[in-house]
Trainee: 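First, the structure itself, so that you have it in front of you.
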Amino acid sequence: MQPYNTTLSQVLKWQYNNAPHLQALLQAKQAWLDKNVWNTWEKWESDVFDLRTASRFGCFIWVLILGIPSDIFFLGDSLDYAFAFGQKRQNFKYIVVDSADEDSTKNLIGGNFEGGGTLEVIPLTEIRKLLRTRYVALTSNGNVSYINRMLRTIWNDNQPWNVEQENYFYLTTSETLATPAPANTMAYVMGENFAISANGFSLLADRTRGFN
């Protein structure tokens, strides 16, 4: 199928070939369309359809599709970190100006601002993985081997887990758990060095969020 010609100059009649002001208007309109319309549709597959490469806008669309509260991912913010203070703002420290004002309860060791809670900003790459995990949770038939294959594909680029380095994340059953458990019990096992943010881990561990 031949692509549609979106060049606005093609509508310009030959009588106006030497009309600089009209041509300038068309060129400005063309530049705006290229940036805000055509480029958006050209990147629609990578920015929206494909969760492996989705932009923040695309992830927000998937949040609506998958039925996840949008506020848990901070998708309205274009930053992958708390500006100038790190993910948990731990390099922010209260400076005592007056010795009489010294208070051990203040942020002497760094941390979130008051009201910031304990949440850290989740990087976009991790948001994509969490959304893919949610998709698998919704579409899976519950087969353990399938779930583990998907977890390895999503979280480790389909590479074998490195058990020696404590980098793994998989689903196991009561028959293979290290500690005794009731029959037909399923549990997720995660290594100490599995790469995930604290907030991302909380989302995975919270069964009410629907990621597992």
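These numbers come from the heavy atoms of this one structure, side chains and all, not from hydrogens, waters or symmetry mates. Everything numeric here is computed off the predicted structure, so don't read it as measured data.
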Trainee: Please name the pair of heavy atoms, one in Cys59 and one in Arg128, separated by the smallest distance, quoted to 0.1 Å.
Mentor: SG-CG, 4.0 Å
Trainee: Supply the atom-to-atom distance Ile196 CD1 to Leu204 CG, rounded to the nearest 0.5 angstrom.
Mentor: 4.5 Å
Trainee: Kindly compute the distance separating CG (Asp50) from CH2 (Trp62), expressed to the nearest 0.5 Å.
Mentor: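 Answer rounded to 0.5 Å: 9.0 Å.
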Trainee: Counting C-beta onward and ignoring hydrogens, is there a side-chain heavy-atom pair between Lys29 and Leu33 closer than 4.5 Å?
Mentor: yes
Trainee: Please name the pair of heavy atoms, one in Leu131 and one in Leu66, separated by the smallest distance, quoted to 0.1 Å.
Mentor: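 Reported closest heavy-atom pair: O-CD1, 3.4 Å.
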Trainee: Tell me whether Gln165 at atom CD has more than 12 heavy atoms from other residues, nucleotides or ligands lying less than 6.0 Å away.
Mentor: no
Trainee: What distance do Gln30 atom CD and Trp32 atom CH2 have between them, rounded to the nearest 0.5 Å?
Mentor: 12.0 Å
Trainee: How close do Gly200 and Ser197 get, heavy atom to heavy atom, and via which atoms?
Mentor: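 Closest pair (atom of Gly200, atom of Ser197, distance): N-OG, 3.0 Å.
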Trainee: Which residues pass the side chain to side chain donor-acceptor pair (under 3.5 Å) test with Asn193, sequence neighbours left out?
Mentor: none
Trainee: Do Ser46 side-chain atoms and Thr53 backbone N/O form a donor-acceptor pair below 3.5 Å?
Mentor: no
Trainee: Check the pair Tyr146 / Val136 against side chain to side chain contact (heavy atoms under 4.5 Å, CB included), numbers first and verdict last.
Mentor: CA-CA 10 Å; Tyr146 172 80; Val136 170; 4.2 Å; yes
Trainee: Check whether Phe169 and Val163 end up in the same hydrophobic cluster, where Ile, Leu, Val, Met, Phe, Trp and Tyr are linked by side-chain heavy atoms less than 4.5 Å apart.
Mentor: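 Yes, same cluster.
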Trainee: Looking at residues at least two apart in the chain, or sitting in another chain, which of them share a side chain to side chain contact (heavy atoms under 4.5 Å, CB included) with Ile61?
Mentor: Val48, Phe57, Ile65
Trainee: Measure from the side-chain N and O atoms of Arg134 to the backbone N and O of Ile68, and report whether any donor-acceptor pair falls under 3.5 Å.
Mentor: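 Here the side-chain-to-backbone pair does not exist.
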Trainee: I need the Lys129 NZ to Leu124 CG distance, nearest 0.5 Å.
Mentor: 11.5 Å
Trainee: So which heavy atom on Arg56 is nearest to which on Ile122, and how close?
Mentor: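 Heavy atoms of Arg56 and Ile122 come nearest at NH2-O, 4.4 Å.
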Trainee: Just by distance, with hydrogens left out, do Asn143 and Ser145 show a side-chain donor and acceptor under 3.5 Å apart?
Mentor: yes
Trainee: Distance from Phe194 atom CZ to Asn167 atom CG, nearest 0.5 Å?
Mentor: 7.0 Å
Trainee: What's the shortest heavy-atom distance between Pro20 and Asn18, and which atoms?
Mentor: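 Between these two residues, the closest heavy atoms are CD-O, 3.1 Å.
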Trainee: Quick one: list whatever passes side chain to side chain donor-acceptor pair (under 3.5 Å) with Asn148, sequence neighbours left out.
Mentor: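 With sequence neighbours excluded, Asn148 shows a side chain to side chain donor-acceptor pair (under 3.5 Å) to no residue whatsoever.
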Trainee: Begin from the C-alpha positions of Arg152 and Trp161 and carry the test side chain to side chain contact (heavy atoms under 4.5 Å, CB included) through to its verdict.
Mentor: CA-CA 7 Å; Arg152 189 176 66 249; Trp161 295 112; 4.0 Å; yes
Trainee: Distance from Leu138 atom CG to Thr133 atom OG1, nearest 0.5 Å?
Mentor: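 Reported to 0.5 Å precision, the distance equals 11.0 Å.
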Trainee: State which residues pass side chain to side chain contact (heavy atoms under 4.5 Å, CB included) with Arg132; sequence neighbours excluded, sorted by chain then number.
Mentor: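 With sequence neighbours excluded, Arg132 shows a side chain to side chain contact (heavy atoms under 4.5 Å, CB included) to Leu51, Arg52, Thr153, Ile154, given in chain and number order.
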Trainee: Using side chain to side chain donor-acceptor pair (under 3.5 Å) as the criterion, list what pairs up with Asn141, not counting sequence neighbours.
Mentor: none
Trainee: Only counting residues at least two apart or in another chain, list the ones meeting side chain to side chain donor-acceptor pair (under 3.5 Å) with Ser140.
Mentor: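 Side chain to side chain donor-acceptor pair (under 3.5 Å) list for Ser140, sorted by chain: empty.
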